[in-house]
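Worth knowing before you read on, the calculation uses all heavy atoms, side chains too, and leaves out hydrogens, waters and symmetry mates.
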Amino acid sequence: IKMKKAFSLVFMFLAFALLMVGCSDSPKTVAKKYVQALSNGDVEEANKYSTSRTHALNGFAASMINLGDNLGEDTSKSSDLKEGLEEIENARVEIDGDVAKIYSKEGKDPMILKKVNGDWKVDIEK
């Protein structure tokens with residue numbers, strides 16, 4: 001009976017560990033959430049999906065989007081966003097340990113993501 005109990009506990013632990021690993025968003029999912037947040041000008045949300053050294057860039061990008069909106073420029077934000085999200089969805093992803101590179105277009109620098117405390121985060125380092 002003790003062996004059966006021990007086996008049951010080990011099984012429950014492994015199931016929990018697999019569940020926790022499965023809950024982590026993929027690099028593509030994080031990249032899409034990040035792009036969506038920036039497109040909405042939501043710096044706080046973009047910061048959730050990026051490393052701390054990327055936060056200043058998030059603020060700059062959001063302010064540029066807001067500036068364009070305030071100047072009445074037709075930035076076709078919804079079509080640009082849709083295109084950007086499709087690029088990420090169709091992109092090639094290379095994962096090497098705690099670094100992921102998302103290659104969305106030929107000749108374009110990849111989007112870099114790093115694992116921070118088990119979660120993928122957009123990073124500015126090349």
Side-chain angles (χ1 to χ4, degrees):
I1 294 178
K2 286 184 181 185
M3 185 64 128
K4 191 174 181 181
K5 236 181 192 177
F7 179 74
S8 178
L9 285 173
V10 169
F11 179 76
M12 286 184 353
F13 174 76
L14 288 174
F16 178 73
L18 286 173
L19 180 66
M20 293 310 293
V21 169
C23 289
S24 180
D25 284 336
S26 72
K28 279 187 180 183
T29 300
V30 171
K32 289 192 285 188
K33 289 178 180 180
Y34 174 77
V35 168
Q36 177 77 53
L38 282 183
S39 177
N40 293 335
D42 190 342
V43 177
E44 275 188 52
E45 188 70 11
N47 287 347
K48 291 179 187 177
Y49 302 107
S50 59
T51 61
S52 58
R53 64 178 165 200
T54 309
H55 292 177
L57 178 66
N58 296 343
F60 177 75
S63 68
M64 293 307 290
I65 290 168
N66 288 334
L67 178 63
D69 290 347
N70 290 336
L71 292 175
E73 292 181 10
D74 179 18
T75 57
S76 305
K77 194 177 355 180
S78 64
S79 110
D80 288 346
L81 173 62
K82 184 178 177 186
E83 184 179 310
L85 295 176
E86 284 177 8
E87 279 183 26
I88 293 169
E89 185 61 38
N90 297 322
R92 177 173 54 93
V93 178
E94 290 180 3
I95 299 175
D96 184 10
D98 288 346
V99 177
K101 294 180 181 179
I102 299 178
Y103 295 90
S104 60
K105 278 191 174 178
E106 191 72 31
K108 187 177 176 183
D109 286 338
M111 181 181 276
I112 307 294
L113 289 90
K114 295 197 175 172
K115 253 197 182 166
V116 178
N117 298 324
D119 294 322
W120 289 108
K121 304 280 185 179
V122 173
D123 194 55
I124 58 174
E125 185 179 293
K126 288 189 176 187

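- Rounding to the nearest 0.5 angstrom, the gap separating the NZ atom in Lys33 from the NZ atom in Lys28 is 15.0 Å.
- When side chains are defined from C-beta on, Thr54 counts as touching Tyr34, because their heavy atoms get closer than 4.5 Å.
- Atom CG of residue Leu38 and atom CG of residue Asn47 lie 8.5 Å apart, to the nearest 0.5 angstrom.
- Atom OG of Ser52 is separated from atom CG of Asn58 by 10.5 Å, given to the nearest 0.5 angstrom.
- For Glu45 against Tyr49, the heavy-atom pair with the smallest separation is O-CD1, 3.1 Å.
- Only one option out of Val99, Ile95, Asp25 pairs with Trp120 in a side-chain contact (heavy atoms from CB on, under 4.5 Å); it is Ile95.
- No side-chain donor-acceptor contact under 3.5 Å links Lys114 to the backbone of Ser50.
- In this structure, CG in Asp123 is found 4.0 Å from CZ in Arg53, a value given to the nearest 0.5 Å.
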Between side-chain atoms of residues 85-93 and protein atoms elsewhere (two or more places apart, or another chain), which donor-acceptor pairs fall under 3.5 Å?
from	atom 1	to	atom 2	distance (Å)
Glu87	OE1	Lys108	NZ	3.3
Glu87	OE2	Lys105	NZ	3.3
Glu89	OE1	Lys32	NZ	2.3
Asn90	ND2	Glu86	O	3.1
Arg92	NH1	Glu94	OE2	2.4

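- The NZ atom of Lys48 sits 9.5 Å away from atom NZ of Lys121, with the distance rounded to the nearest 0.5 Å.
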